[in-house]
Amino acid sequence: MSSSPLSGRLLADVGGTHARFAWQAGAGAPIERVRVLPVAEHPSLQHALRAYLDGLGTLRPQVAAIAMANPVTGDAVRMTNHDWSFSQAALKAEFGLRTLRVINDFTALALALPHLPAEALRQVGGGPPQSGAAIGLLGAGTGLGVSGLLPDGRGGWVPLQGEGGHVTLPAATPRERLVMEGFQRRHGHASAERVLSGPGLFDTFMLLCEADGASPAGLDRAAAVSEAARAGRHPQAEEALHLFSALLGAVAGDLALTLGARGGVYIGGGIVPRLGTWFDTSPFRERFEAKGRFHAYLAAIPVWVIASEQPPALVGAACALDTLG
């Protein structure tokens, strides 16, 4: 006689490159059975979900929370940096879910921030955070995610749901303007995400090589550019990574000013945490604070790089389920 399926919670964090899945027995239970699947190897989210669930044996979810790298504004969900799309109602029916919550991936990451342990954070400048003040969040990976937390006046937090990664990117130097003009020619709009992302880092490198008449020297992806830059092996790679860090600082400073984020600014995503301590002495902090009369205001705001072993957006996805009531 076969045993009946054991129910629980399915958690997912879906980006443009990887989809991370996990299992949680119930509210407050440990997040376990984490598995990372390359999105390029699956034709749809449903296919990737099946691949994950097939490895769980008799475990079947009754509820699910999925954090997606795109805006979530209705039943139809379409990824910004990949071709997956689905109907929330159809997905819920297909997998027999009682509850399905789909939210933006950086909204989920924002929900996780109050739960991150101190050892998962590395501070890059600034002083102590102001208790109860707004918090900013951004992170570069396949795209650029932006969110934050606002105090709700009752000791809790309200996460922001927006698309701040697509704001127009500022240029402060002739070389930055050269790069911005290159992106404007290609895309018609030099958004922050066009530069502050993995594809953007590589395209910036190629634009600098083209402008200088330099060979890319076989560097054919963002990770190779980053590695060559940190090793000092290629001048245009070094400049591209410095420019990336400086512009990320400018955008982070704008976010801190907009939110009044005296509770601090957190940096997640797939790129900056991998830069390690190189990032600490990059142009990031200088440009974060370079806001004229508000230099002192920003100099006091702490910035933390998230270096969590467990994907923190999965924690946020679980928090999203907890807030359903």
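By convention here, the first residue in the shown sequence is residue 1. Because the structure is a prediction, the values reported are computed rather than measured. Values reported hereafter were calculated over all heavy atoms of this structure, with side chains retained and with hydrogens, waters and symmetry mates removed.
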Inset, instruction - Treat each ILVMFWY residue as a node, draw an edge where side-chain heavy atoms are under 4.5 Å apart, and state whether L259 and L149 are in one component. - result: no
Legend entry - Short N-O contact, D105 and R20, less than 4.0 angstrom: no
Inset, instruction - May I ask you to decide whether R287 forms a salt bridge with D254, counting only side-chain N to carboxylate O separations under 4.0 Å? - result: no
Inset, instruction - Can you measure from OG1 (T99) to CZ (R9) and round to the nearest 0.5 angstrom? - result: 9.5 Å
Inset, instruction - Could you tell me whether R285 and E289 have a side-chain N and a carboxylate O separated by less than 4.0 Å? - result: yes
Legend entry - Sub-6.0 Å ring centroid separation between F183 and H189: no
Inset, instruction - Decide, yes or no, whether a salt bridge links R122 with D280 under the criterion of side-chain N to carboxylate O below 4.0 Å. - result: yes
Legend entry - Donor-acceptor pair, side chain of S245 and main chain of F284, under 3.5 angstrom: no
Inset, instruction - Using the rule that two of Ile, Leu, Val, Met, Phe, Trp, Tyr join whenever any of their side-chain heavy atoms come within less than 4.5 Å, decide whether L144 and L241 are in one cluster. - result: yes
Inset, instruction - Measure centre to centre between the rings of W278 and H242, then say whether the value is under 6.0 Å. - result: yes
Legend entry - Test item: R101 side-chain N/O and A320 main-chain N/O as donor-acceptor pair under 3.5 Å: yes
Inset, instruction - Show which residues join L111 in its hydrophobic cluster (side-chain heavy-atom contacts under 4.5 Å, direct or indirect), or state none. - result: I103
Inset, instruction - Find out whether the Lys NZ or Arg CZ of R50 is both under 6.0 angstrom from the six-membered ring centre of F95 and within 45° of the ring's axis. - result: yes
Legend entry - SB check R186 D203 (cutoff 4.0 Å): yes
Legend entry - Residues clustering with V167 (ILVMFWY side chains joined when closer than 4.5 Å, directly or via others): none
